Amino acid sequence: MTPIRVRIAPSPTGFFHIGNAKTALINWLYARKTGGTFILRLEDTDTERSEAQYADIICEGLRWLGIDWDEGPAFGGEAERGALGPYRQSERREIHCREAQRLVDDAKAYRCFCTKEELDAERERAQAEKRPPRYSGKCRNLTAEQIAAMGDRPYSVRFRVPEGATVIEDLVQGSVRVENKEIDDFIIVKPNGDPVFHLAVVVDDGLMEITHVMRGDDHLTNAFRHVLLFNALGYKLPTFAHLPMVLDETGKKYSKRLHGANVLDWREDGYLPETIVNYLVLLGWTPEEEGRELFTRTELVEAFSLERLGKSAGKFDLKKLQWLNGQHIRMLSPEELRDKVLPILHKAGFDTSVKSQEWLTRMAAICQEKIPTLNEIVPYTDFFFVAPTAYDEKAVAKQWGKPYAAEHLASIIAAFEPISSWDHDTLKAAFEKLVADTGLALGQFVHPTRLALTGKSVGPGLFELTELLGKDESLNRLRAAAAFVRARGDAA
RNA sequence: GACCCCAUCGUCUAGCGGUUAGGACACCGCCCUUUCACGGCGGCGGCACGGGUUCGAUUCCCGUUGGGGUCGCCA
């Protein structure tokens, strides 16, 4: 069996699209699963749109997702590697032109002297008359004399589409067929000598000995041209697999302008890369093991198979992504979670340096079961760093609205003051004693305390949080709350 | 418009001629519980439509409808 060689060929346009990430992931998984080679090739031939720094963004996206490559260009601070380079399409111009010339020599392609203006006019006319916009075939059969007579007029090179029909045996879409007369003689080299995508991609895939071309199914109809080119150039035809695209929540093509189109948006929003990897692969692939949805990157490599790829496009579902992220957050160790969450707290303006690593780990641990995204750490822990300046109004009405509220707070304070061993179990015991002494429900003491300590009605477990907050600070906040309640009562 | 692809709960999907059409997210109850969350239990909810083929179609074929894609000297 010949070793698997797969690739992704992103165009550096400014960001790493979620759909590209999915394609990259499927290719990467297949390479890793089979012990094959995963190649990264930059399609930067559109000199007008490509910018050098854009490539780094793709690199950052791949790195974030944990997708590494075996062959690829020098970029993102890494050296070029692989024997079949260069891996930057812009550096392969000579090769593309050489191969195009070969086609011309074999009469499989020809020079076309039509100008862009002529062709545009022709296309507009066709559209106005509601005819399919087709190339007229004007230069298809020029004689050597006619070509010579053109002198040094600029020309493009067109591929001469043969008669017959073209069939793609697609791994996911099945057998797909089209009549060649539906395909125009298409341009493969521009008048300035630049190769067009269709030529470049086929030459590169052919020469880089790509065995499986797996990409978005927006390329399915392009693939007809590509197999024509593969055959004309005499390359071995790779296996094609056109993967369904990622649609936005309304079912449309995921627009670049939409938040989330850029994979790095999800990092920004507090999602784990393993969540995105897990989610993306589930959008178009199902494991053999029925019902299983939760996978680490390593488990995916193990479970992945081409056979279970689906063929219909999937809409992006934020709710499911959030759920999945919660699952992955819970798989982290408390230390890992702490390290991921600290930068977010810093960004929110909190100084965590006053706390020990051990303390911060415990803080992360008491939130681990609760937060759906990393960013949610902020509302769950902000009160540790800044005492509440206001209390949640609805909670105030509910917990402190009763005439005996001040009295309850006072008894809580009284229960806390003598505690010498300030820990979860002791605090819990103190509350239980209050319950026993008064005959009230635990919540009657817990909720007012939470409000006093955090200013909110939701958050980590109260005993855990109180322990971490410390005795002095907890009592201060309780006293401040008692004063607040008294003032409120006097006013009313 | 032409060509190509797709079509099971709201969403992601399992299913590969005979199933009470299964799971997950979401949603709604209940339980657990100091809140929230987690977890557990239960519920709601689907084979787009019309023809065939067949003893029997979610499943195979054709059409319709709907969605997507491609039709560049962009990639």
Side-chain angles (χ1 to χ4, degrees), chain A residues 9-13 43-46 48-50 89 112 114-116 119-120 123 126-127 130-134 154 156-158 168 170 172-174 176-179 181-184 186-192 194-198 200-201 216-225 242 244-245 247 249 251-253 279 282-287 290-294 308 310-324 326-327 330 367-372 376 379-380 395 399 428 431 441-451 454 456-463:
Chain A
S11 176
T13 54
E43 310 241 305
D44 57 348
T45 30
D46 185 359
E48 285 177 19
R49 295 202 307 182
S50 291
Q89 207 163 68
C112 174
C114 298
T115 64
K116 192 177 194 333
L119 295 170
D120 286 348
R123 195 176 305 122
Q127 249 149 23
K130 297 200 167 183
R131 285 183 290 113
R134 285 279 166 67
S156 55
V157 179
R158 272 184 197 273
I168 302 165
D170 194 276
V172 348
Q173 306 292 344
V176 185
R177 177 196 161 94
V178 76
E179 296 298 324
K181 64 173 158 48
E182 302 292 343
I183 308 171
D184 239 3
F186 54 97
I187 289 176
I188 56 179
V189 181
K190 304 177 197 177
N192 67 3
D194 284 345
V196 168
F197 164 72
H198 299 298
V201 81
D217 69 9
D218 47 337
H219 280 297
L220 186 56
T221 48
N222 287 335
F224 293 122
R225 294 191 188 83
H242 286 92
M245 317 212 315
L247 272 21
E249 299 210 55
K252 299 232 179 300
K253 185 173 176 175
Y279 184 74
L282 251 24
L283 222 48
W285 174 84
T286 43
E290 197 180 330
R292 178 153 182 216
E293 303 200 278
L294 201 55
R308 310 255 334 149
K311 43 164 59 176
S312 52
K315 298 192 186 83
F316 208 90
D317 183 359
L318 184 62
K319 282 288 188 351
K320 182 131 186 179
L321 186 73
Q322 282 172 343
W323 169 78
L324 199 55
Q327 299 298 314
R330 270 150 227 143
C367 297
Q368 189 155 18
E369 288 287 315
K370 305 192 174 253
I371 53 174
E376 281 294 298
Y380 266 85
Q399 306 302 341
K428 188 171 182 222
F431 273 95
L442 189 58
Q444 300 273 357
F445 297 102
V446 162
H447 299 312
T449 307
R450 172 187 301 284
L451 187 55
T454 71
K456 313 177 193 202
S457 57
V458 304
L462 183 72
F463 308 135

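Lettering of chains follows the sequences in order, A, B, ..., and the numbering in each one begins at 1. Just so it is clear, the structure is predicted and the values come from calculations on it, not from any experiment.
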Whole-Å distance separating the NZ atom of A:Lys190 from the C1' atom of B:C74: 7 Å
Sugar-phosphate only, base, or nothing, as touched by A:Leu462 at under 4.0 Å among non-hydrogen atoms: base
Closest-nucleotide 5' rank along RNA chain B - winner of A:Lys116 and A:Gly461: A:Gly461
B:G1 pairs with, by Watson-Crick or G-U criteria that keep both distances under 3.5 Å: B:C71
Enclosure of A:Lys456 NZ (heavy-atom neighbours >12, cutoff 6.0 Å): yes
Nearest to side-chain heavy atoms of A:Ser11, which nucleotide of B:U34, B:G68, B:A75: B:A75
Interatomic distance, A:Gln322 CD vs B:C12 P [rounded to whole Å]: 17 Å
Rounded distance [0.5 Å steps], CH2 in A:Trp323 versus CG in A:Leu294: 6.0 Å
Spacing of A:Lys370 atom NZ relative to B:U35 atom C1', expressed in whole Å: 7 Å
d(CG, A:Asp184; C1', B:U70) in whole Å: 13 Å
Short side-chain N/O contact to B:A37 OP1/OP2 from A:Gln327, under 4.0 Å: no
Euclidean distance for C1', B:G23 against B:G66 (whole angstrom): 27 Å
CA sep, side-chain torsions, deciding dist, call: A:Phe186, A:Val196, side-chain contact (heavy atoms from CB on, under 4.5 Å): CA-CA 9 Å; A:Phe186 54 97; A:Val196 168; over 6 Å; no
Touch class at under 4.0 angstrom, heavy-atom based, for A:Ser312 against every strand present: sugar-phosphate
Closest-nucleotide ordering on RNA chain B, the 5'-leading residue of A:Arg308 and A:Val446: A:Arg308
Per-nucleotide protein contact string for nucleotides 21-30 of chain B, where B marks a base within reach and S marks sugar-phosphate only (heavy atoms under 4.0 Å, - for neither): --SBBS----
Euclidean distance for P, B:C6 against B:C38 (whole angstrom): 38 Å
Residue of the set A:Asn222, A:Asp218, A:Asp217, A:Asp170 for which side chain to side chain donor-acceptor pair (under 3.5 Å) holds with A:His242: A:Asp170
Nearest-0.5 Å distance, CD of residue A:Gln322 to CD of residue A:Gln327: 12.5 Å
Touch class at under 4.0 angstrom, heavy-atom based, for A:Pro244 against every strand present: nothing
Proximity to the side chain of A:Val458 - top-ranked nucleotide from B:G68, B:C36, B:C6: B:C36
Distance, P atom - from B:A57 to B:U20, rounded to whole angstrom: 16 Å
Spacing of A:Asp184 atom CG and A:Arg158 atom CZ [to the nearest 0.5 Å]: 7.0 Å
Phosphate-side-chain proximity, A:Lys252 and B:G67, N/O vs OP1/OP2 below 4.0 Å: no
Protein-nucleotide distance (A:Leu451, atom CG; B:C36, atom C1'), rounded to Å: 14 Å
Spatial distance of atom CG (A:Leu247) from atom CE (A:Met245) [nearest 0.5 Å]: 6.0 Å
Touch class at under 4.0 angstrom, heavy-atom based, for A:Phe431 against every strand present: nothing
Touch class at under 4.0 angstrom, heavy-atom based, for A:Ile187 against every strand present: base
Nucleotide of B:C3, B:C4, B:C71 approaching A:Arg225 most closely (side-chain heavy atoms): B:C71
A:Asn222, nearest nucleotide to its side chain (from B:G69, B:U70, B:C4): B:U70
Under 4.0 angstrom between A:Thr221 side-chain N/O and B:G69 OP1 or OP2: no
Identity of whatever pairs with B:G29 - Watson-Crick or G-U, under 3.5 angstrom: B:C41
Pairing partner (Watson-Crick or G-U wobble, both distances under 3.5 angstrom) of B:C49: B:G63
Sugar-phosphate, base or nothing in reach of A:His198, heavy atoms under 4.0 Å: base
For atom NZ of A:Lys311 and atom P of B:C5, their distance in whole Å: 9 Å
Separation of atom CZ in A:Phe197 from atom C1' in B:C73, rounded to whole Å: 15 Å
CD1 on A:Ile371 to CZ on A:Arg330, rounded to 0.5 Å: 8.5 Å
Atom-pair distance (NZ on A:Lys315; C1' on B:G67), nearest Å: 8 Å
Among B:A37, B:U35, B:C5, the one nearest A:Arg450 by side-chain distance: B:U35
Heavy-atom donor-acceptor pair, A:Lys428 side-chain to B:U34 base, under 3.5 Å: no
Touch class at under 4.0 angstrom, heavy-atom based, for A:Tyr279 against every strand present: nothing
Sugar-phosphate only, base, or nothing, as touched by A:Thr454 at under 4.0 Å among non-hydrogen atoms: nothing
Residues A:Leu321, A:Leu318; criterion side-chain contact (heavy atoms from CB on, under 4.5 Å); working and verdict: CA-CA 5 Å; A:Leu321 186 73; A:Leu318 184 62; 4.2 Å; yes
Touch class at under 4.0 angstrom, heavy-atom based, for A:Arg134 against every strand present: nothing
Distance below 4.0 Å between A:Arg123 side-chain N/O and B:C73 OP1 or OP2: yes
Base-pairing assignment for B:A24 (Watson-Crick or G-U wobble, both under 3.5 Å): B:U11
Touch class at under 4.0 angstrom, heavy-atom based, for A:Gly314 against every strand present: sugar-phosphate
NZ on A:Lys116 to OG on A:Ser156, rounded to 0.5 Å: 11.0 Å
